[in-house]
Amino acid sequence: QVQLVESGGGLVQAGGSLRLSCAVSGRTSSAYGMGWFRQAPGKERELVAGIRTISSTYYAGSVKGRFTISRDNAKNTVYLQMNSLKPEDTAVYYCAASRLGGVYHDSRSYDHWGQGTQVTVSS
């Protein structure tokens, strides 16, 4: 059984940084396309970054240049480095794994989800 566990969220001031981790167990993470989504109160869940099995990456326009997604296959972990954080980045962040191997905006394309980690950016 595949499980995803996020960690690294917290409270940070605007301009600060956080690194989120998504530990994958039950199967090697390199077999999946991985995405980081976020959902703010009253808003739809949105894809902010993704990494394909071939390791090419995707970033939403709102985070491009500030966030970096990476994977450490030896540790079966995917990371989201978030720099220059803004109050509008405040949300619950989820990692997700897709057996299709790509990066998809549609959350239905993902087979496994983590429980989410809260990121709060104060102004």
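One-based numbering along the sequence shown.
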Can you get from L100 to W113 by hopping between Ile, Leu, Val, Met, Phe, Trp and Tyr side chains that sit under 4.5 Å apart?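 Same cluster.
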Same cluster or not: F67 versus Y94, using hydrophobic residues (I, L, V, M, F, W, Y) connected whenever any side-chain heavy atoms lie under 4.5 Å apart?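 F67 does not cluster with Y94.
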Between [atom1] of [X] and [atom2] of [Y], what distance do you get to the nearest 0.5 Å?
{"X": "S107", "Y": "R45", "atom1": "OG", "atom2": "CZ", "answer": "6.5 Å"}
{"X": "L18", "Y": "M82", "atom1": "CG", "atom2": "CE", "answer": "4.5 Å"}
{"X": "R99", "Y": "D111", "atom1": "CZ", "atom2": "CG", "answer": "4.0 Å"}
{"X": "L80", "Y": "C22", "atom1": "CG", "atom2": "SG", "answer": "10.5 Å"}
{"X": "H112", "Y": "C95", "atom1": "NE2", "atom2": "SG", "answer": "11.5 Å"}
{"X": "L47", "Y": "S109", "atom1": "CG", "atom2": "OG", "answer": "10.5 Å"}

With distance as the sole criterion, is a donor-acceptor pair present between the side chains of S17 and N83 under 3.5 Å?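 Yes, a side-chain donor-acceptor pair sits under 3.5 Å.
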Looking only at side chains, do Y79 and R19 share a donor and an acceptor under 3.5 Å apart?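 No, no side-chain donor-acceptor contact under 3.5 Å.
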Any donor-acceptor N/O pair, Y59 side chain to T57 backbone, under 3.5 Å: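 No: the side chain of Y59 does not pair with the backbone of T57.
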I'd like to know if the side chain of T90 reaches the main chain of E88, judged simply by a donor and an acceptor atom lying under 3.5 Å from each other, with no hydrogens or angles considered.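 Not at all, since once roles are kept as given, no pair shorter than 3.5 Å links the two residues.
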side-chain contact (heavy atoms from CB on, under 4.5 Å) between V24 and V2: does it pass, once the steps are laid out? CA-CA 7 Å; V24 181; V2 176; 4.2 Å; yes
Hydrophobic cluster partners of V5 (side-chain heavy atoms under 4.5 Å):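 The other cluster members (ILVMFWY side chains, heavy atoms under 4.5 Å, direct or chained): none.
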At their closest point, which heavy atom of [X] faces which heavy atom of [Y], and how far apart are they?
{"X": "V121", "Y": "K86", "answer": "CB-O, 3.2 Å"}
{"X": "A91", "Y": "A40", "answer": "CB-N, 3.8 Å"}
{"X": "S84", "Y": "D89", "answer": "O-OD2, 4.5 Å"}
{"X": "T77", "Y": "K75", "answer": "OG1-O, 2.8 Å"}

Y110 and Y32: aromatic ring centres closer than 6.0 Å?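 Distance test on ring centres: not under 6.0 Å, no.
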Residue that, paired with E6, satisfies side chain to side chain contact (heavy atoms under 4.5 Å, CB included) out of T117, L20, V78: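 Testing E6 for a side chain to side chain contact (heavy atoms under 4.5 Å, CB included) against T117, L20, V78 leaves exactly one candidate, T117.
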Y58: ring-ring contact (aromatic ring centres under 6.0 Å, His included) partners, not counting sequence neighbours: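 In terms of ring-ring contact (aromatic ring centres under 6.0 Å, His included), with neighbours along the sequence ignored, Y58 is linked to H105.
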Please confirm whether R71 makes a cation-pi placement over W36, using NZ or CZ under 6.0 Å from the six-membered ring centre and within 45° of the ring normal.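 No, cation not above the ring by the 6.0 Å, 45° rule.
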By salt bridge (charged side-chain N to carboxylate O under 4.0 Å, His left out) - contacts of R27 (at least two apart):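 Per chain and number, R27 pairs via salt bridge (charged side-chain N to carboxylate O under 4.0 Å, His left out) with no residue.
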Show, in sequence, the C-alpha distance, side-chain angles and deciding distance for T28 and N76, and conclude whether the side-chain contact (heavy atoms from CB on, under 4.5 Å) test is met. CA-CA 6 Å; T28 178; N76 241 17; 3.5 Å; yes
From CA spacing to verdict: side-chain contact (heavy atoms from CB on, under 4.5 Å), F37, V92: CA-CA 8 Å; F37 286 75; V92 178; over 6 Å; no
Evaluation steps, side-chain contact (heavy atoms from CB on, under 4.5 Å), between R52 and M34: CA-CA 6 Å; R52 302 173 180 88; M34 301 294 296; over 6 Å; no
